[in-house]
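Notes follow once the structure below has been shown.
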Amino acid sequence: MLGADILLHCLELHGVDTVFGLPGGVVIPLYDRLKEFPNIHHVLVRHEQGAAHAADGYARSTGKVGVCFATSGPGATNLVTGIATANMDSIPMVCIMGQVVKELLGTDGFQEAHMTSVCQSISKHTYSVTDAAQLPDIIEEAFFVAQSGRPGPVVIDIPKDVFVQNVDIPYNKGTVRGRILNKYKPCQVNKEQVKKVAEYIKQAERPMLVVGGGVNNRIADSTLLVNLAQKADMPVATTLMARGVFPSDSKYSVGMPGMHGTVEANYVVQHCDCLVAVGMRFDDRVTSDISKFAPNAKHIVHVDIDPAEIGKNVVTDFPLVADSIDFLEALYEQLQQCNHADWVEEVNANRYEVQSPVGSVLPPKETFAFIDQCVDDETIVATDVGQHQMWAALFLNTKGPRKFITSGGLGTMGFGLPAAIGTQFGNPDKNVILITGDGSFQMNLQELAIVKKYKLPLKICLMNNGFLGMVHQWQKFFYNENYSATILDSAPDWAKLADAYDINYMRIDTMEQCNETLAEVLTSKEGWLIDFRIDANADVYPMVPAGKGLDDILVGE
Amino acid sequence: MKHKLAVLVENNPGVLAKVSNLFSRRGYNIESLVVSDTEDKTVSRMTIVVDGDEKIIEQVTKQLHKLVDVIKVNDLTNDDIVSRQLLLVRVAADHETRAEIIQIMDIFRARIIDIGRRSMIIEATGDEDKIEAIVKSLQPFGIQEIVKTGVSAMVRSPKEK
C-alpha cells in the first residue's frame, strides 16, 4: 500500500470531507491518489495562505478539525501565517506539508525549507514522517493532539518518497501513545473549588463573568450561560472570541471588554469586586494597562484548560484548571439564587450608545445595524481585521457560538475571504456574510476564484473607505495626522473585479440605499460583492488608548 | 534565584531545539542545559538551570509541560539532590608555580591531566560551589582557558529512618 493511500485513508477514517490545498512538485504523488478517495473533497485554492485560513474557518464554524495540504518550501511557508493565526486562537487544524525526498533533506534541495523548525513556535505540535508505516499512528495522534486540551494546529511534514513508499501494514486507524493520552487526560473539575467560587459570587456585591474563546469552542448554545447569569444575577462580558455566546439583548449582557470594548463592559470590569473569567487569556487588548485592570476586584477567578494561561498576565487568587463547560455546569449546580439587583441596575444605568458622526451619509453603526436586521439568526459572519472588524463586533448581534469567525489573537488581515469560504463549505445551507475592508480584502482576493467555481452564495460586505482604516485612525489620534502609507489609492474598479469573477456587484453610498433591495441581496442564494462606501471620517469608538486603564475610555470626538 | 529543572522528553530529533526555542521565545535565560539519553532509550533527560523568580519559574514549568514532547518536569531546587559539573581548565604553570598548583588541586581532589612547559590542564568534578572555588584558587596563577559542562543533578535516595 502506498504512503499516499495510507494518509488519505486515515483522513477518511477521521471523517475529513473537505481539504483545502494547492499541489506542487513533492505532493504530486499525494494528489495522484486523491481520485481514489471520493469522500474527500479537495478545494483548490489560489495561494496556500488561503488554504490555511479556509481550513481554519471550516474548523471554527463546524467544530471539526480543519485540514489543508501544501507542497514543500514556498507552499509550506505560505501556510505559516494561517497556522500562526489558528494557533493564537486555539483552532484545531492538521496541516499536511510535502517535503523534499529524504536523501535531499538538509542539502538545500529545490523547494526545501525546514518547516518543523519554522512552525515550532507557531503551532501546537509538529511531526516529521520518515517511514510510511508511521503514518496511521501519526495521523491519529495529530488529530488527537489538535483537539485535546487547548486545541491548536498540528503540522505534519512528509517527504515525497514516503508518499510513494509501499508498505504492508493493516489498513486501519493508528493508535495514540499512552504517554500522550495521559498528557491530555480530561481533568475533573474540583467540586470544592467550584463551591468556593459560588460563595464568592453570592457574597460579592458586584460580581461579573467574562467568557472567551474557550467557551465559544465548547458551548452548544447560550442556554447554560443565560441560566447562570440569571441565577448569579450578574453581568456577563464576552470577548472578541466569544461574540454571540451570550444574547446581546439580555439585561445581563454588556458585550465586549477592552480597547474597543463597550463602555458598559469596561465599566463592569473596573467596578466589579469579583471577576470570574472563563476560557479567556487576558490579552493586552482586553486588559489594556494591566496594572489598572479590575482595580476593585477582591477576587479574580481564572478558569482555563491551559494551566500556562493562569497567572501569565493577570495575578489571580483563584486558579482553576478545567474545561470551561464542566466548570460552568458545576457552577450553575452549586450556585444558590443570588440577588445583585442594585449592581445590575447600576450597570444598566451606565450603558452608553456610541453616536455616529453628525451628517454622516453612510455611518458604520447604522450600516451594520441594517445588515444585522436583514439576516437570520443562523447567519455566520466572518470578518477580516481592522475597523470593520471592531464595528462588526460592536454592532452585529451574533446569535450563538461559532457564528462570528474572526482572527482575534494574531489579527491577520487577509483572513476574512478564505475563512468565509471555509465556513461556507462547512455550512453549505447557512447564510455566510463576510465583513471586510478594502485593505484586508486586497490581501487574499485571489480566492474569489473559488467563489466563482463553486458559485458560493457568499455576501461580501466591503467596508470601503479608501485607507488602512485602523492604522489611519491611530495616525489621526496619536501621530499628528501623519498618514504615512495608509492611503489606498489606485484601488481596483470593484465592479469590474466582481464581474471578472462572475459575482454580482452593488454599490451603497447612502443610508437611503440600505433598503429592501439590499435586504434581498443579503439573503440571496448568489454571491455578491457589496461595496459600502462607508463614512471615511468615522472612527472606531469606544476606544481606550494603548497604555491607559479601561476607565480612560474615549467615546467620540 | 537559580532553579534546577529535571525535564524528561521524548528522545526525538528536534526536541532540544523545541525546548531551547521556547526559552528564547518567552525571554527566559538558560544558565546551563545538559541533555543525555536515559535508561529508557525512548526518553532523554535534560537538566536545565534557569534564573528567575517564582513567577517566571512557574511559567517556564507550565510552558515546558505544554510541549507535546515533554513528559515530565520536576523542579529540583527544594529537593535533596546531588549535582555535578565537569571543569577543564588550562592554567599557566612553570617550574616555580607547578608544585603549588598541584598541592592546591590535591585539596580539591582535582586531577592534572596534561602538562606542558608553561601550562597544565586540570580536570575537576563537583557541585557549582566547588567548581567556583577551584576556579578562584587558580586565578592568581593565570587562567588561560576554561571549559565547563552544565550541571547534572539527581535526587538522593530516600534514607532509612
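The basis for the numbers below is simple: all heavy atoms, side chains too, and nothing from hydrogens, waters or symmetry mates. Residue numbers begin at 1 in each chain, while the letters A, B, ... track the order of the sequences.
A 6.0 Å sphere centred on CZ of B/Arg26 holds more than 12 heavy atoms belonging to other residues, nucleotides or ligands. Residue-environment remark: CD (A/Glu103) stays at or below the threshold of 12 foreign heavy atoms within 6.0 Å. Applying the 6.0 Å contact sphere to CG of A/Asp108 captures no more than 12 heavy atoms from other residues, nucleotides or ligands.
Nearest approach of A/Ile310 to B/Glu58, heavy atoms of both residues: O-OE2, 4.2 Å. Closest of all the heavy-atom pairs between A/Ala308 and B/Gln59 is O-NE2, 2.8 Å. When all heavy atoms are compared, the tightest approach of A/Lys312 to B/Lys55 is O-NZ, 3.4 Å. Nearest heavy atoms, A/His125 versus B/Asp69: CE1-OD2, 3.4 Å.
With rounding to the nearest 0.5 angstrom, the CD atom of A/Glu309 is 9.0 Å from the NZ atom of B/Lys62. Between the NZ atom of B/Lys66 and the NZ atom of A/Lys124 there is a distance of 8.5 Å, given to the nearest 0.5 Å. For the atom pair B/His65 NE2 and A/Lys183 NZ, the distance stands at 4.5 Å (nearest 0.5 Å).
For chain A, no part of B/Leu22 is nearby; none of its heavy atoms comes within less than 4.5 Å. The contact between B/Val43 and chain A is made entirely by side chain atoms (from C-beta outward), counting heavy-atom distances below 4.5 Å. Contact of A/Ser128 with chain B is not made at all, since no heavy-atom distance falls under 4.5 Å. Residue B/Ser24 does not touch chain A at all, counting heavy-atom pairs closer than 4.5 Å.
A donor-acceptor pair shorter than 3.5 Å cannot be found between the side chains of A/Ser121 and B/Lys18.
If you tally non-hydrogen atom pairs under 4.5 Å between each of A/Val145, A/Asp306, A/Val315 and chain B, the highest count goes to A/Asp306.
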Side chain to side chain contact (heavy atoms under 4.5 Å, CB included) between A/Tyr127 and B/Asn12, worked out: CA-CA 10 Å; A/Tyr127 291 94; B/Asn12 292 336; over 6 Å; no

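Between A/Arg179 and B/Thr42 there is a side-chain heavy-atom pair separated by less than 4.5 Å.
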